[in-house]
S.K.: 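Handing you a structure now.
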Number of protein chains: 2
Amino acid sequence: MPTPDRPLRADAARNRASLLAAAEAEFAERGLAASVADIARRAGIGKGTVFRHFPTKEDLLAAVVLDRVDGLTALARRLATVADAGAALLEFLDAAASRQQQLDLSFLRDAGDLNDRLTESRGRLFEEITVLVERAQAAGALRADITATDVILLMCAPSHVVSFVPDAPPQLWRRYLGIIFDGLRPYGASPLPQPAPDAAPDPRLDQVGILPH
Amino acid sequence: MPTPDRPLRADAARNRASLLAAAEAEFAERGLAASVADIARRAGIGKGTVFRHFPTKEDLLAAVVLDRVDGLTALARRLATVADAGAALLEFLDAAASRQQQLDLSFLRDAGDLNDRLTESRGRLFEEITVLVERAQAAGALRADITATDVILLMCAPSHVVSFVPDAPPQLWRRYLGIIFDGLRPYGASPLPQPAPDAAPDPRLDQVGILPH
DNA sequence: GCCTAACCTGACCGCACGGTCCGTTTGATT
DNA sequence: AATCAAACGGACCGTGCGGTCAGGTTAGGC
């Protein structure tokens with residue numbers, strides 16, 4: 001990479017696109033256990049080409065995840081302008097869980113620190129969620145002791161819960177999102193036994209760790 | 001194994017015990033990625049000895065998990081006689097989450113069908129949880145549309161949620177158990193969008209799958 | 001149409017894993 | 001103390017992985 005951003009050659013761009021698609025599918029099916037060779041085969045390219053585009057399997061994973069995270073950020077930003085703040089938060093959680101359903105990110109816990117750009121993206125997502133949370137609280141739709149960190153952590157739960165049942169109906173996660181969201185409502189909430197983990201958005205965002213170790 | 005159950009030789013019994021302890025610790029730290037060689041080293045025995053006791057890595061894992069599951073079953077049975085049925089259920093969930101915290105079982109999703117004995121154990125646990133659930137509902141402490149399957153699925157959630165935060169305080173999981181349990185209360189519950197997955201205890205218990213694929 | 005840098009490929013390497021095997025050691029029994 | 005089946009241990013094997021590289025291929029400016 002002589003100049004930081006030279007336009008990609010046509011075939012290279014094509015390959016990169018199908019590589020990302022294949023990687024997404026393969027990671028979704030097999031998690032971290034997906035092998036680079038399988039991804040390459042699925043994309044119809046050689047294994048060496050994979051490593052030309054991404055020097056490491058982890059970098060490839062990071063690229064896939066980055067797409068997901070940025071997508072969620074964009075959605076959150078859009079939802080921040082919806083009138084009903086409570087409904088906006090619920091819709092965000094719904095979308096987040098739905099996408100996790102397609103690509104369960106929880107295996108990321110076991111992957112190192114991945115990319116730096118990914119850390120930034122996560123930070124942006126965090127900020128947008130903070131907006132949603134504060135608006136929902138101001139509207140009285142969300143209990144006051146919940147932080148953006150709580151939301152970012154809990155949004156992974158429904159798909160994970162469902163992942164234990166073998167032939168789950170495709171929308172089963174909605175059941176558990178419903179239960180959890182009921183737990184987030186101010187009505188009938190009981191005091192929480194533990195403080196939220198490091199909620200402040202500025203100082204140590206990395207604390208949140210969508211993907212840390 | 002000529003006779004089905006001959007008493008173990010003294011050294012063999014000792015080794016088996018330290019092997020199980022080492023396996024539990026190692027699986028807790030590294031999940032399915034724990035290697036048999038590491039477990040053997042930690043137990044202070046040779047690798048061959050491990051395979052003498054358990055013909056397969058999966059069998060070893062199954063033995064460790066069986067202990068856990070049976071422990072939970074015993075606890076549930078004890079709690080079934082407590083006067084306050086709502087508190088009993090909460091205490092069960094508390095204990096379950098706490099133990100998951102020490103040994104996150106969610107990696108089991110990616111392990112095959114494991115042992116048959118484990119399937120039986122899971123069935124017994126399921127039955128005991130059903131008792132707790134029905135008592136809690138009769139006492140008005142648990143919303144009526146919750147099944148034992150829901151409980152068994154949700155009891156894994158708090159520890160999983162917490163596993164994403166790097167240096168989590170040891171009791172942080174209680175925060176998320178609190179939120180989820182609030183969502184299970186009848187007070188202020190909103191209708192759930194999806195039916196529970198195959199709750200009936202008799203016909204196809206395997207549906208629940210603490211560990212299936 | 002030619003030239004070159006960018007790109008692609010698949011054989012190859014080193015490594016770590018699960019599992020096997022057989023020579024050695026050890027606990028029980030007499 | 002002698003005996004022997006039971007248990008041990010670690011060198012060994014095959015496999016599949018992430019990652020490298022030398023040599024062939026191609027896009028695209030001229």
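Residue numbers start from 1 in every chain, and the chains themselves are labelled A, B, ... in the order their sequence lines are given, proteins ahead of strands.
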S.K.: For A:Arg52 and D:dG24, give me the distance from atom CZ to atom C1', rounded to whole Å.
M.R.: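 Between C1' of D:dG24 and CZ of A:Arg52: 13 Å.
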S.K.: Between the side chains of B:Asp38 and B:Arg41, is the shortest nitrogen-to-carboxylate-oxygen separation below 4.0 Å, so that they form an ion pair?
M.R.: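 Yes.
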S.K.: Would you say a side-chain N or O of B:His53 is under 4.0 Å from OP1 or OP2 of D:dC8?
M.R.: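 Yes, B:His53 has a side-chain N/O under 4.0 Å of OP1/OP2 on D:dC8.
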S.K.: Classify every nucleotide of nucleotides 14-21 of chain D by which part a protein heavy atom approaches to under 4.0 Å, writing B for the base, S for the sugar-phosphate alone and - for neither, in 5'-to-3' order.
M.R.: ---SBBB-
S.K.: Partners of A:Val131 by side-chain contact (heavy atoms from CB on, under 4.5 Å), sequence neighbours excluded?
M.R.: A:Ala80, A:Arg135
S.K.: For residues A:Arg175 and B:Asp150, report the shortest heavy-atom separation together with the two atoms involved.
M.R.: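 Heavy atoms of A:Arg175 and B:Asp150 come nearest at NH2-OD2, 2.6 Å.
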S.K.: In whole angstrom, what separates A:Leu8's CG from C:dC8's C1'?
M.R.: 13 Å
S.K.: Once you round it to whole Å, what is the distance between C1' of C:dG19 and CG of B:Leu60?
M.R.: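 Going from B:Leu60 (CG) to C:dG19 (C1'), I get 13 Å.
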S.K.: Near DNA chain C, which residues from residues 9-16 of chain B have a heavy atom under 4.0 Å away?
M.R.: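 Those residues whose heavy atoms fall under 4.0 Å from DNA chain C, taken from residues 9-16 of chain B in numerical order, are B:Arg9, B:Ala10, B:Asp11.
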S.K.: Considering only NZ, NE, NH1 and NH2 on the basic side and carboxylate oxygens on the acidic side, decide whether A:Glu29 and A:Arg42 come within less than 4.0 Å.
M.R.: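 Salt bridge present between A:Glu29 and A:Arg42.
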S.K.: Answer yes or no: is there an ion pair linking A:Arg185 with B:Asp182, defined by an N-O contact shorter than 4.0 Å?
M.R.: no
S.K.: Measure the distance from CZ on B:Phe27 to P on C:dC17 and round it to the nearest whole Å.
M.R.: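 Going from B:Phe27 (CZ) to C:dC17 (P), I get 13 Å.
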S.K.: Any side-chain heavy atom of A:Arg99 within less than 4.5 Å of one from A:Arg68?
M.R.: yes
S.K.: Do you know which two heavy atoms are closest between A:Ala12 and A:His53, and how far apart they sit?
M.R.: O-CE1, 3.4 Å
S.K.: Give a yes or no on whether a salt bridge exists between B:Arg78 and B:Glu91, defined as a side-chain N under 4.0 angstrom from a carboxylate O.
M.R.: no
S.K.: Send over the distance from B:Ile39 CD1 to D:dG10 P, rounded to a whole Å.
M.R.: 17 Å
